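Worksheet for the structure shown next.
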Amino acid sequence: MPSVFIKTYGCQMNERDSEAVAAQLVAKGYALAPNEASADVVLLNTCSVRDFAEQKAIGKMENLIGISRKNRPDQILGFMGCMAQSRGQALIDKLPDVDLVIGTQKFHRTAEYLDDLLAGRRDKIVATEAEAGSQGAIKEHLLAGSAGKGAVTAFVSIMQGCNQHCTFCIVPSTRGAERSRTIPDIVAECRELVGRGVKEITLLGQIVTSFGKRDYPLVEGRSAFVQLLDAVHDIEGLERVRFTSPHPKGYGDDLVEAYGRLPKLVESAHIPVQSGSDRILKIMHRGYTRERFLGILQKLRAVRPDIGLTTDIIVGFPGETEEDFQLTMSLADEARFDNAYVFKYSPRKDTPAAAMPDQIPDEVIEERHARLLTRINEIGAQRYERFVGQQVEVLVEGPSKKNEARMMGRTRCGKIVLFDGDDRHRAQVMRLNIVRCGASFTLYGDPVIHLD
Ligand code: 5AD
């Protein structure tokens with residue numbers, strides 16, 4: 001039985017793709033190797049969103065080649081995912097020891113490719129063509145929870161690709177145009193997961209709020225995405241629904257209203273803003289203004305006052321002035337995010353922004369990045385501390401990864417809480433009193449004792 005090790009870089013979509021490929025390989029008779037050294041096949045599932053992510057995967061492959069070609073000359077080495085899609089054959093030209101390059105629409109063919117390579121029927125494979133229907137091929141789950149128990153949470157991929165064409169972003173070329181799965185297909189997958197003990201499902205896509213736009217007409221003013229939320233929400237035994245990532249333009253009244261109507265839809269939203277300057281937002285091709293964005297946060301907080309809001313911000317987009325940057329700083333102050341991922345602008349191949357004049361020098365980007373991150377962390381710490389003394393609801397996922405003696409649960413707004421518990425608490429929805437906020441944004445709680 002040949003064994004495979006998959007290492008994943010990048011976003012939750014990549015994690016999900018790796019899990020599905022692993023599950024598909026297991027179904028075809030492959031084993032999952034515990035580490036790279038013992039594996040017959042090593043696949044790196046790659047990210048292209050910033051140059052750093054690509055360099056990390058290339059460095060890793062060089063490293064693997066160095067070890068593998070000495071000790072394991074027959075080990076198969078491959079790239080898959082976004083960088084595989086965008087670079088294709090060029091990866092083998094650069095690293096001739098690489099055997100396999102699997103693009104983002106060919107994940108489900110991985111077993112076929114490996115069968116051919118292992119049997120010596122083919123020498124090298126580069127598979128990056130588009131394939132109709134591939135958005136429906138990421139369905140299988142391993143559900144490997146911790147301590148040998150099944151997982152409590154699962155990710156479900158609902159669509160692939162992106163039509164937004166933000167001027168900084170490589171994703172439309174790595175993931176292709178938007179293609180959605182059908183609502184019945186997604187609901188069937190979710191139902192099966194719940195049947196296997198899953199309590200929380202996160203719906204995944206590059207822009208989930210654009211789900212099914214061309215396939216499903218509005219019904220009573222509800223978009224296809226809200227129709228999908230309604231359908232998933234109806235599944236008996238499911239406790240919580242999350243999704244990531246939405247686009248601000250997807251927050252119509254139907255979605256805001258869904259938060260009021262659907263109790264399983266948790267108080268949590270990751271809404272990428274990218275910049276606080278209308279001038280920059282326009283050049284980025286984001287399709288909203290600062291005011292519109294802040295208005296969305298206000299509406300969500302009106303429906304769910306405890307909502308945990310997080311975002312993505314890029315600093316140093318071409319032409320960003322100190323004045324533009326100050327508008328991002330003041331947006332952070334006004335929005336009061338629980339957390340934000342602050343990224344340094346990275347020019348990407350064939351994107352309009354890479355060819356724009358006024359690229360910002362690295363030292364300016366570094367300095368703005370540090371200033372914004374400090375502000376984001378200060379606000380984030382205040383947002384955490386507010387939980388101390390409060391009662392929260394957590395879904396218990398299993399033992400804490402850092403300290404196995406403690407159990408770990410997540411609040412509805414996505415915060416990690418540790419408490420003294422044991423395996424009988426696993427997969428339970430519990431109420432905890434938050435007693436303190438520790439380092440690295442971890443909350444500590446005590447179970448609420450009911451005296452009735
Ligand atoms: N440079 C820096 N950050 C980027 N992102 C996307 N493209 C780039 C780029 N070229 C960020 C955006 C996006 C997140 C996933 O990555 O903030 O929301």
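Just so you know, these numbers come straight off a predicted model, no measurement behind them. We count ligands from 1, going down the list as the structure has it; atoms in each ligand are counted the same way.
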task = Give a yes or no on whether the backbone of Ala127 and the side-chain of Gln105 come within a donor-acceptor separation of less than 3.5 Å.
result = no
task = Answer yes or no: are there more than 12 heavy-atom neighbours, outside Lys402 itself, under 6.0 Å from its atom NZ?
result = no
What are the atom names and distances for all N or O pairs under 3.5 Å between ligand 1 and the protein?
from	atom 1	to	atom 2	distance (Å)
ligand 1	1 (N)	Ser346	N	2.9
ligand 1	3 (N)	Arg50	NH1	3.3
ligand 1	10 (N)	Phe168	O	3.0
ligand 1	10 (N)	Ser346	O	2.8
ligand 1	16 (O)	Arg50	NH1	3.0
ligand 1	17 (O)	Gln274	OE1	2.6
ligand 1	17 (O)	Gln274	NE2	3.4
ligand 1	18 (O)	Gln274	NE2	2.9
ligand 1	18 (O)	Asp312	OD2	2.7

ask   = Regarding Gln382 and Glu378, is there a side-chain donor-to-acceptor distance under 3.5 Å anywhere?
value = no
ask   = With the threshold set at 4.0 Å, does a side-chain nitrogen-carboxylate oxygen contact exist between Lys139 and Glu189?
value = no
ask   = Taking it one step at a time, do Tyr216 and Phe225 satisfy ring pair (Phe, Tyr, Trp, His ring centres under 6.0 Å)?
value = CA-CA 9 Å; Tyr216 293 93; Phe225 180 60; over 10 Å; no
task = Give the ring-plane orientation class for Tyr384 versus Phe387, where under 30° counts as parallel, over 60° as perpendicular and anything between as tilted.
result = perpendicular
